[in-house]
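First the structure, in the form of structure tokens, and then the observations on it.
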Amino acid sequence: VGIQTPSGAADSAPRGIGGNDQHRFRDETIFPTPSSTARAPRRERPVEDELALIKRVCAGETRLFHDLISPYQRSIYVTAFAELQNAADAEEAAQETFLKAFAHPGRFRQEAKFSTWLIQIAVNVARSKRRKDRKSLYESTDAGTDEEGDHSPRDFADWRETPIEALQRTELQRALKNAIASLDAAHREVFVMRDIEKLSIAETAEVLRISAALVKTRLLRARLRLRDALAPAIDGAWSIGEEHWLKVRPW
Amino acid sequence: VSGPEISCLEVWPEIADFIDGILDPTLRWRIELHLDGCERCAAVLDGVRTVLALAADAQMFDLPTGFGVRLKRVLARKLDAD
């Protein structure tokens with residue numbers, strides 16, 4: 001028997017989606033690979049251009065501010081929505097975020113990316129708004145959320161052998177939105193920062209003012225919970241929010 | 001020295017780091033070995049990957065209609081006020 005050598009360092013290609021392995025199973029018209037997702041690549045503005053724009057805004061060319069923040073409208077809205085779970089509140093928080101940035105552009109110190117600075121403001125604004133709305137009485141990002149211990153997926157429903165082909169992308173997206181909404185705020189905001197806004201673990205920790213270790217713990221739990229929430233029940237229907245799952249088969 | 005075998009209970013806490021590609025190479029290799037022979041963990045991993053692919057889709061969180069126009073208006077009012 002030959003000895004296998006660790007391959008992790010050299011082979012970091014993901015399994016499943018986008019990966020090249022025996023577990024590949026999806027119809028990519030429904031489950032796109034990361035490279036084929038409909039997410040239009042952000043038109044990345046060169047950092048130098050952005051810094052030059054910031055300098056001009058700080059120097060008084062305030063009419064350029066809209067150009068400066070324009071690429072980040074969606075990020076800021078999504079960040080606020082993750083906190084507030086309401087479109088109107090999220091839009092209001094997003095507007096307030098941009099107004100705060102407009103009022104104090106000189107506070108951007110270039111220690112972080114401009115986008116991260118905006119997201120930080122958005123988190124603060126949205127959290128403040130949530131506190132004012134007294135939602136924190138019912139849900140707190142600081143509450144004990146069982147950070148350690150149980151990382152077990154609740155259900156082993158195997159998507160590969162269920163009639164997923166019949167499900168439309170919009171239904172999947174709706175199911176995922178519901179599942180994200182069902183997360184508590186602490187896990188939801190980490191998932192949104194990391195897996196939707198694509199911040200690094202360090203950036204997520206900085207924005208949320210928690211440790212990198214806690215980001216990783218919450219991220220793991222959020223991802224597993226979302227996976228569990230989307231596991232189809234025996235009849236192929238989605239069962240978001242149900243307490244108990246009908247398993248596809250007993251394991 | 002322990003062998004390469006690793007249990008499901010040891011794999012699950014590492015799934016996020018495995019996906020993010022930030023695991024120690026040896027642990028990654030042990031998990032890959034496990035995944036090759038464990039349908040359950042492979043299904044969990046595939047499920048999480050599907051969640052991430054869906055989440056990365058821009059259509060997941062579209063801006064409300066008119067968001068940009070309203071924002072521009074708010075900023076213009078602020079500019080005029082200043």
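By convention in this document, chain letters (A, B, ...) are assigned in the order of the sequence lines, proteins followed by strands, and residues within each chain are numbered from 1. From a predicted model like this one, the values you see are computed outputs, not experimental measurements.
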Give a yes or no answer on whether the side chain of Arg74(A) reaches the backbone of Asp62(B) with a donor-acceptor pair at less than 3.5 Å. no
Glu10(B) side chain to Ser7(B) backbone, donor-acceptor under 3.5 Å: yes
Looking only at Pro64(B), Ala76(B), Gly68(B), the option with the highest number of non-hydrogen pairs under 4.5 Å against chain A is Pro64(B)
Quick one: which of Ile31(B), Asp20(B), Ile22(B), Leu23(B) has the most heavy-atom pairs under 4.5 Å with chain A, could you say? Asp20(B)
Would a 4.5 Å heavy-atom cut-off, applied to side chains only, mark Ile180(A) and Phe61(B) as touching? yes
Greatest number of heavy atom pairs closer than 4.5 Å to chain B - which of Arg63(A), Lys177(A), Arg223(A): Arg223(A)
In short, Ala222(A) meets His187(A) closest at the heavy-atom pair CB-O, 3.8 Å
